[in-house]
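The structure under discussion appears below in the form of structure tokens.
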Amino acid sequence: MPELPKVYDPKKVEDKIYHLWQKSGFFNPDKLPKTKNRKQKIKNYCIVIPPPNITGSLHMGHALNATIQDILIRWRRLQGYKTLWLPGTDHASIATQNAVEKELKKEDKTRFDLGKEKFLERVWQWKIKYGSLILEQLKKLGCSLDWSRTRFTLDNGYAKAVETAFLHYYKKGWVYKGKRVVNWCLRCQTSLSDLEIEYKGEGGKLWYIRYPLKTKSLRLQAKSYIVVATTRPETMLGDTAVAVNSNDKRYKKLVGKEIILPLTNRQIPIIADKAVDLKFGTGAVKVTPAHDRVDYQIGRRHNLKILQVIDETGKIINVENYQGLKALEARERIVEDLASLGLIEKIEDYDHQVPVCYRCGTVIELIPSEQWFLRMDKLAKMAIKAAKLGQVRFFPKRWEKVYFDWLKNVEDWCISRQLWWGHKIPIKGENDVLDTWFSSALWPFATLGWPEKAKSLKLKAKNDLNRFYPADVLSTDRGIINLWVARMIFSGMEFMKRPPFKDVYIHATVLTKEGKRMSKSLGTGVDPINLIKKYGADATRFGIVWQVMGGQDIRFVEDNIVMGRKFCNKIWNASRFVLMSKPAQIHTDLDFLGSQGGFAQLRKITVADRRILKALEKTMELVDNDLESFRFGPASRKLYNFFWHDFCDIYIEKTKSQEDKKNTQRILLYVLLTSLKILHPFVPFITEEIYQKLPIKDKKKCLMVG
RNA sequence: GGGCGGUUGGCGCAAUGGUUAGCGCGUUCGCUUGACGUGCGAAAGGUUAUAGGUUCGAAUCCUAUACCGCCCACCA
């Protein structure tokens with residue numbers, strides 16, 4: 001046996017070991033060696049990876065999530081389950097299109113300069129580059145994904161799944177086309193769903209505007225008016241009513257009367273509606289059904305005209321004097337004009353929330369637009385039911401509230417987007433594409449071959465679809481519980497009649513040490529690849545998972561990765577110690593603790609021997625329990641304490657003075673081997689490397705399938 | 001506006017109502033004993049955010065308050 005170096009060097013080990021794993025084929029459940037457990041049909045275990053967007057490289061959040069999933073998969077694989085962890089990437093329609101547009105901007109070009117065809121070529125080049133970069137990163141981290149099943153949400157088979165799903169809804173009448181007031185991103189030039197907008201606090205103003213009442217006498221008209229408050233005076237051009245609360249005594253007499261809308265001189269009614277808050281502003285609100293969500297609802301209740309005055313470029317239309325002005329320019333002009341007419345009562349400072357695009361941060365305009373929608377009432381009910389019945393369980397449980405709250409009040413989903421990169425709407429004459437989340441909603445079964453394999457599913461044929469659907473665990477970030485998780489659940493219910501996974505594990509969000517969100521644009525991001533280069537993949541995995549406690553956010557500190565590296569070095573040197581004594585071979589499956597023989601047969605077993613064996617057994621049990629309920633941090637601490645303290649500090653020190661060398665060597669080797677097995681899901685590279693050097697009689701090709 | 005999470009040694013975090021509140025990093029002191037100085041042994045460092053309450057007993061349960069963070073929301 002060659003002498004091992006004193007310090008563990010991950011660089012010399014990781015690529016070699018990953019290659020060994022890939023060559024073994026054991027990432028693929030169909031190629032796993034037979035064991036007692038794997039012969040049983042029920043012992044399948046599946047995780048579908050949340051496909052990373054191909055917008056760039058992975059950050060620590062991804063690294064944490066990938067580590068968590070790999071721990072679960074390796075743990076179950078070692079237990080004898082037929083494990084599938086299915087890899088892939090997401091075309092991320094709007095996000096990727098924006099990323100490529102940003103790149104073009106550096107060349108002073110827009111997508112329109114290139115034209116659709118050339119632009120899409122460019123996106124495909126981007127996809128090839130970043131798609132493979134992401135998969136490489138996962139490999140560096142040690143992820144045991146079945147690469148033979150790699151999918152992309154825009155590959156040919158996937159397009160078939162999207163088309164099938166869309167047409168299924170279409171035939172049911174759940175997908176429909178209609179003109180609605182939708183969120184419109186002025187930069188991306190597309191509609192967005194309600195979940196795709198964010199709110200940004202803005203120090204704005206509240207203008208109080210006098211709307212003159214229509215009276216018979218002109219003299220009176222100058223004196224009598226109703227005052228409305230607004231943050232967006234320019235939208236008054238599209239007002240088609242003024243609304244007050246029906247219980248508001250101040251305005252009771254005015255309901256049913258008309259006002260003359262300043263600047264346009266249109267006559268519009270004063271109406272009573274429940275949506276109006278008596279306490280805010282003046283209690284009277286201008287109603288612009290074309291450019292405000294609430295106003296649209298009010299308009300529908302009162303049959304008001306929808307008068308669009310802002311177009312999809314953010315400019316004023318349909319009003320002569322302001323035609324072609326940008327909304328903000330129009331605002332200035334209108335306020336000036338109103339002031340010169342003496343119609344501005346007062347102006348107050350007012351902080352409010354402005355909707356912005358979740359991908360590019362541009363202000364959202366609400367405009368009436370012809371779009372495709374998916375009816376949500378029935379689907380939402382199914383999704384709620386699945387969680388209520390416990391078919392889907394959230395960990396930690398509190399996150400199901402976020403899910404229920406959204407589904408209970410959800411409105412129809414606007415699924416069409418005016419983008420170039422994405423799935424085409426499968427209806428003749430439609431050029432628009434689908435919301436990227438429509439396709440990701442099908443991920444857990446589309447990746448397994450749906451709809452092609454659906455027929456054989458009915459025939460109970462053995463294929464991926466019925467073997468690995470539903471998946472056991474979905475591990476993801478809390479930010480996409482509704483955007484993605486909820487939509488996967490109702491899609492699964494609709495197309496597969498079962499929810500797509502049993503457990504939803506919401507992992508911690510990785511923050512900076514200061515408690516700020518990690519973000520590339522803020523320069524607060526930490527690249528896992530740099531950590532892997534510096535400390536090794538195992539150290540990075542162990543260090544980050546060490547911090548996973550009870551669903552709390554993680555403030556990332558590099559100290560923990562340093563700890564991980566030290567721990568790996570400890571594992572390395574304890575193994576060196578055991579190997580240096582040149583122990584005789586032992587049998588892998590020898591049941592030392594059981595009634596079958598093993599240590600029960602050993603005559604001279606010392607107190608220290610008994611203690612370490614007991615501690616090992618206990619640790620195995622506790623770690624299993626922790627992993628059953630996703631307690632990764634506590635599990636890693638138990639492993640650490642057992643190995644470092646019980647095994648190294650106490651037992652190994654003790655063995656140096658134990659007389660029965662042969663017995664001691666056997667026990668040392670047994671405890672080391674078993675420790676490697678329970679450590680392997682957390683630190684796969686180093687444990688595999690050591691395993692390959694251990695004197696085991698019936699050694700498996702890999703510890704991975706130990 | 002509503003909801004959720006957090007606040008424990010210098011820093012990052014544990015502790016499932018019950019001994020002296022633990023761990024990692026850092027700090028100080030001592031160890032060149034043949035696995036590891038990325039190590040071993042020891043030590044210092046905490047009125048558990050604040051104020052009340054429940055209890056034989058509270059970091060833990062309850063009620064407020066403060067600060068930090070996140071999510072949702074149609075007060076124009």
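Lettering follows sequence order; numbering is per chain, from 1. Any value given below was found using the heavy atoms of this structure, including those in side chains, with hydrogens, waters and symmetry copies removed.
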Hey, which of these two, A:Met580 or A:Met549, hits RNA chain B nearer its 5' end, going by closest nucleotide?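 This one resolves to A:Met549.
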
Would you mind telling me which residue lines up with the more 5' stretch of RNA chain B, A:Glu514 or A:Arg555, judged by nearest nucleotide?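 Here A:Arg555 is the residue nearer the 5' end.
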
Please determine, for [N], whether a Watson-Crick or G-U wobble partner exists with both distances under 3.5 Å, and give it or none.
N	result
B:rA42	B:rU28
B:rU65	B:rA49
B:rU54	none

To the nearest Å, give me how far apart CZ (A:Phe577) and C1' (B:rC40) are.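 In whole Å, B:rC40 C1' lies 14 Å from A:Phe577 CZ.
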
Nearest to the [X] side chain among [options], which nucleotide is it?
X	options	result
A:Phe280	B:rA76, B:rC13, B:rG24	B:rA76
A:Arg517	B:rC70, B:rC36, B:rG69	B:rC70
A:Arg576	B:rC74, B:rG12, B:rC36	B:rC36
A:Tyr199	B:rC25, B:rC74, B:rC40	B:rC74

Considering only heavy atoms and no angle criterion, is a donor-acceptor pair shorter than 3.5 Å present between the side chain of A:Gln547 and the base of B:rA14?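 By the distance-only test, no, there is no pair.
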
Can a donor-acceptor pair under 3.5 Å be found between the side-chain atoms of A:Lys570 and the base atoms of B:rC36?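 Result: at least one qualifying N/O pair found.
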
Side-chain N or O of [X] closer than 4.0 Å to phosphate OP1/OP2 of [N]:
X	N	result
A:Lys6	B:rU38	no
A:Lys566	B:rG39	yes
A:Trp644	B:rC40	yes

Just call it for [X]: base, sugar-phosphate, or nothing, with non-hydrogen atoms closer than 4.0 Å on any strand.
X	answer
A:Asp295	nothing
A:Ile481	nothing
A:Cys568	nothing
A:Val276	base

Within 45° of the six-membered ring axis of A:Trp413 and under 6.0 Å from that ring's centre, is NZ or CZ of A:Arg487 located there?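 Ring-cation test returns yes.
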
cation_pi(A:Lys346, A:Tyr208) dist<6.0 Å, angle<=45: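 Yes, A:Lys346 sits over the ring of A:Tyr208.
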
Give the ring-plane orientation class for A:Phe630 versus A:Phe632, where under 30° counts as parallel, over 60° as perpendicular and anything between as tilted.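 Answer is tilted, since the angle falls between 30° and 60°.
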
Is the A:Tyr640 ring parallel, tilted or perpendicular to the A:Phe542 ring (thresholds 30°, 60°)?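 Rings of A:Tyr640 and A:Phe542: parallel, under 30°.
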
Nearest atoms (heavy-atom pairs only) where A:Leu237 meets A:Arg266: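 Closest approach of A:Leu237 to A:Arg266: O-NH2, 2.7 Å.
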
